Amino acid sequence: MQIIFENHDFVIFNKPQNLNFHSEDGEAGFVVLATKQLHVKQLYSVHRLDKMTSGLIILAKTSEVANRFAKMFLNKEIQKFYLALSLRKPKKKQGWVKADMGASRRGTYKLLKTKENQAITQFHSSTCRAGERIFLVKPHTGKTHQIRVALKSIGSPIAGDVRYANADEAKKEDRGYLHAYALGFTLNGEEFSFVCPPCDGERFLSDEAQKTLLEWAKPWELFN
């Protein structure tokens, strides 16, 4: 698996799509594979990505560093940006989705009418090829399936997402079109920022999508 950055405290991988984060049903997950690749006894997870999601993910090398990252995530001191692509036109081209989330059927989630512990998602979008819309998404909270639910709520479920898009259409896609695109944080007084474009997915690799990614090369500059 591609290593984006490594030092004595942490390592950042580009997680492949369609790979479970943890081992399931006898199949080695991302953390196990990363540990074997680095020939170390243990790596510590500080956040996770869904199976269908590719892109940037941090693994700490010690429990102390893992605890620091955990506090940084809790205090919203780590900026995360995702790319998503939909085959449906959104109700609005940019803005926010703010609402509580609750469990729905078959392991999915839904937005609720209450606003007690909101999932907060900010996004921009742009047209790609005919029938395609690409999104740059900044989650301000870290709820399970948050981005997938937020985009569905504005009428643009993610292409290839068998849980939240039309299942028959989704199964025809070459991947689920959600990618952890960029990270930014400060650790031990040093600023870190990483941008990792998708390396697979025909729709992500189209000329139109790639042109948009050039415009989004510094995603933190697009959000207030």
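All values below come from the heavy atoms of this structure, side chains included, with hydrogens, waters and symmetry mates left out. This structure is a prediction, so every number in the text was calculated from the model and none was measured.
In this structure, Ala119 and Lys143 approach most closely via the heavy-atom pair CB-CG, 3.6 Å. The two atoms that bring Leu49 and Gly55 nearest to each other are CD1-O, 3.8 Å, heavy atoms only. When all heavy atoms of Val46 and Phe69 are compared, the pair lying nearest together is CG1-CB, 3.6 Å.
Under the 3.5 Å distance criterion, with hydrogens and angles disregarded, a donor-acceptor pair is assigned to the side chains of Thr141 and Gln146. Thr108 and Arg163 share no side-chain donor-acceptor pair at under 3.5 Å.
Put simply, the side chain of Lys91 never gets that close to the backbone of Ser156: no donor and acceptor are under 3.5 Å apart. Looking at Lys15, its side chain does come within 3.5 Å of a backbone N or O of Thr53 through a donor-acceptor pair.
A salt bridge is absent between Lys152 and Asp161: the closest approach of a Lys/Arg side-chain nitrogen to an acidic carboxylate oxygen does not fall below 4.0 angstrom. Salt-bridge annotation for Arg68 and Glu77: absent, with no side-chain N of the basic residue lying under 4.0 Å from a carboxylate O of the acidic one.
Residues passing the ring pair (Phe, Tyr, Trp, His ring centres under 6.0 Å) test with Tyr109 are His145, sequence neighbours excluded. Residues passing the side chain to side chain donor-acceptor pair (under 3.5 Å) test with Ser104, sequence neighbours excluded: none.
Taking OG1 of Thr212 as the start and CD1 of Ile134 as the end, the distance is 5.5 Å to the nearest 0.5 Å. To the nearest 0.5 Å, atoms CD1 (Ile12) and CD1 (Ile3) are separated by 11.0 Å. Lys61 contributes atom NZ, which lies 15.5 Å from atom NZ of Lys41 (distance to the nearest 0.5 angstrom).
Leu151 is connected to Leu111 through a chain of hydrophobic side-chain contacts under 4.5 Å among Ile, Leu, Val, Met, Phe, Trp and Tyr, so both are in one cluster.
Aromatic pair Phe5/Phe192: centroids less than 6.0 angstrom apart.
Clustering of Ile, Leu, Val, Met, Phe, Trp and Tyr side chains at separations under 4.5 Å leaves Leu112 isolated, with no partner residue.
With a 4.5 Å cut-off on side-chain heavy atoms, Phe223 and Gln79 do not count as touching. Put simply, the side chain of Leu56 does not reach to within 4.5 Å of the side chain of Tyr181, judged on heavy atoms.
A side-chain hydrogen bond (donor to acceptor under 3.5 Å, both in side chains) with Ser125 is found for exactly one of Arg133, Gln94, Lys93, namely Arg133. Glu132 pairs in a salt bridge (Lys or Arg N to Asp or Glu O under 4.0 Å) with only one of the listed residues (Arg203, Arg88, Lys89), which is Arg203.
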